[in-house]
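The sequence lines fix the lettering, A, B, ..., with proteins before strands; numbering per chain opens at 1.
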There are 2 protein chains.
Amino acid sequence: MPRPALASPDRILAAAAAEFAERGYAGARVDRIAKRARVNKAMIYYHFRSKQELYRTLLRQTFTHAGEQLQAIAALDLPAGDQVDLAISGLASFVRKHAFFPGIMLREIAEGGVHLDSRTLAALSTVPRAFSAIIENGIAQKQFRPVHPFAAYLSTLAPIVMYHAAGPIRRELASGPLAAASTLQSDAFVQHLQQTARRALARTHS
Amino acid sequence: MPRPALASPDRILAAAAAEFAERGYAGARVDRIAKRARVNKAMIYYHFRSKQELYRTLLRQTFTHAGEQLQAIAALDLPAGDQVDLAISGLASFVRKHAFFPGIMLREIAEGGVHLDSRTLAALSTVPRAFSAIIENGIAQKQFRPVHPFAAYLSTLAPIVMYHAAGPIRRELASGPLAAASTLQSDAFVQHLQQTARRALARTHS
DNA sequence: GTCTATACTTCGATAGAC
DNA sequence: GTCTATCGAAGTATAGAC
């Protein structure tokens with residue numbers, strides 16, 4: 001019998017990621033997670049205490065991972081504009097690698113964070129904190145005009161998450177009432193966001 | 001006995017809007033909608049056929065309303081830059097007036113539109129179509145540089161929806177690990193987005 | 001660690017009286 | 001149009017054998 005590629009708890013986490021992203025917390029079914037992970041349902045309650053604890057563990061891991069990636073970019077010895085470029089393309093590649101991230105992120109925002117405990121909230125906060133650090137540093141070094149760092153965070157990174165989460169609905173619209181939705185490729189959108197960020201943050205404006 | 005401010009079907013729709021926005025489609029409870037609307041649960045199944053039909057009716061109405069508002073802006077005899085300003089502030093006031101809209105929008109995007117029939121999808125598409133028309137018109141009149149209209153749509157209007165949907169979680173973060181999140185006011189963010197759009201769409205860039 | 005079987009709860013939806 | 005009562009399905013979670 002071939003060893004599974006991932007150990008049981010990791011397989012459960014991967015299956016939970018897909019299930020929670022597709023259906024949301026309330027819509028996710030523990031039975032389906034078990035089936036996707038090819039484990040018995042009782043194993044989920046053995047490794048994790050409950051559906052809620054499974055969900056929180058998954059989000060904590062993911063937010064921590066994303067935050068560390070942004071912090072690494074913020075620590076590079078580069079012009080702030082280049083750091084923003086890297087933050088944008090980095091988040092884009094992060095969501096390509098972790099396809100479940102946008103769905104879960106959007107849902108949890110809509111839920112108002114009701115499923116999150118303080119540890120998970122702290123993990124989540126590392127993402128806007130790291131991005132804000134880049135912006136504030138650029139302002140301090142007079143490479144950027146003064147903007148609210150959180151405004152820059154929302155207007156720059158929110159569209160990436162939205163773009164990827166909206167993939168399925170965009171494909172539905174493309175075959176119907178909104179053909180133009182299908183002509184926007186991921187790379188082109190990343191470039192658009194990088195250009196937009198450069199222009200939004202530039203100290204001079206024609 | 002005082003007449004209720006809204007007739008029964010409209011009270012049900014208003015209650016459903018709040019419930020679906022807070023809990024999502026799967027998380028919404030018909031019992032709770034009935035309680036919020038102060039009607040008997042059976043009345044919901046009498047006026048609407050099912051939970052799904054209630055949901056679709058609500059979304060169709062809301063998308064149609066939002067689309068019409070944007071189309072009215074697109075029809076104004078104004079410079080394209082001013083039309084974009086109005087589209088941004090108009091959507092911001094729309095979500096202030098319909099507080100349930102961002103939550104439902106984000107959730108339905110994350111769901112991949114699985115609950116939407118073709119009529120509801122058509123209603124949804126009027127929003128990006130109207131905004132794209134403004135952008136394309138501005139490009140044709142050489143007031144904007146050439147950009148992908150759908151990219152402009154996503155990067156301009158997505159942050160507004162995100163900002164308002166993220167209100168509760170932002171307040172949680174503000175009292176903990178991310179104090180800066182609380183200092184961004186709605187009006188200031190709208191202005192930031194208007195400036196960002198002006199700069200992103202300008203034909204010249206220093 | 002892994003399974004089967006099941007207790008307990010909640011939900012969407014309806015029947016039927018008024 | 002409005003109510004009470006309830007059915008049947010589906011869900012989370014656990015007990016207990018191996």
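- A straight line from CG of Asp31(B) to C1' of dA5(D) spans 13 Å, rounded to a whole angstrom.
- Backbone-only contact: Ala28(A) has heavy atoms under 4.0 Å from sugar-phosphate atoms and none from a base.
- A salt bridge links Arg36(B) to Glu22(B): one of the charged nitrogens lies within less than 4.0 Å of a carboxylate oxygen.
- Between the NZ atom of Lys35(A) and the P atom of dA10(D) there is a distance of 13 Å, given to the nearest Å.
- Side chains of His98(B) and Thr62(B): no donor on one and acceptor on the other come within 3.5 Å.
- Atom CD1 in Ile33(A) sits 11.0 Å away from atom NZ in Lys41(A) (nearest 0.5 Å).
- Rounded to an integer number of Å, the gap from Tyr46(B) OH to dT4(D) C1' is 18 Å.
- Between Leu54(A) atom CG and dG11(D) atom P there is a gap of 16 Å when expressed in whole angstrom units.
- For the atom pair OH (Tyr55(B)) and CD (Glu19(B)), the distance works out to 12.5 Å, reported to the nearest 0.5 Å.
- At whole-Å resolution of the value, CD1 in Ile44(A) and P in dT14(D) are 13 Å apart.
- When DNA chain C is scanned 5' to 3' for any atom under 4.0 Å from a heavy atom of chain B, the first and last hits are dC11(C) to dT14(C).
- At whole-Å resolution of the value, CZ in Phe48(A) and C1' in dT14(D) are 18 Å apart.
- Nearest heavy atoms, Gly81(A) versus Phe144(A): N-CZ, 3.6 Å.
- Residues Arg107(B) and Leu106(A) fail the side-chain proximity criterion, which asks for heavy atoms closer than 4.5 Å.
- The CZ atom of Arg23(A) sits 14 Å away from the C1' atom of dA10(D) (whole-angstrom rounding).
- Across the interface with DNA chain C, nearest-nucleotide mapping of Lys41(A) and Tyr25(B) shows Lys41(A) to be the residue nearer the 5′ end.
- Residue Ile12(A) contributes atom CD1, which lies 14 Å from atom P of dA13(D) at whole-angstrom precision.
- For the pair Ala42(B) and Tyr45(B), both in contact range of DNA chain C, the more 5′-proximal nearest nucleotide belongs to Tyr45(B).
- Aromatic pair Phe189(B)/His148(A): centroids not less than 6.0 angstrom apart.
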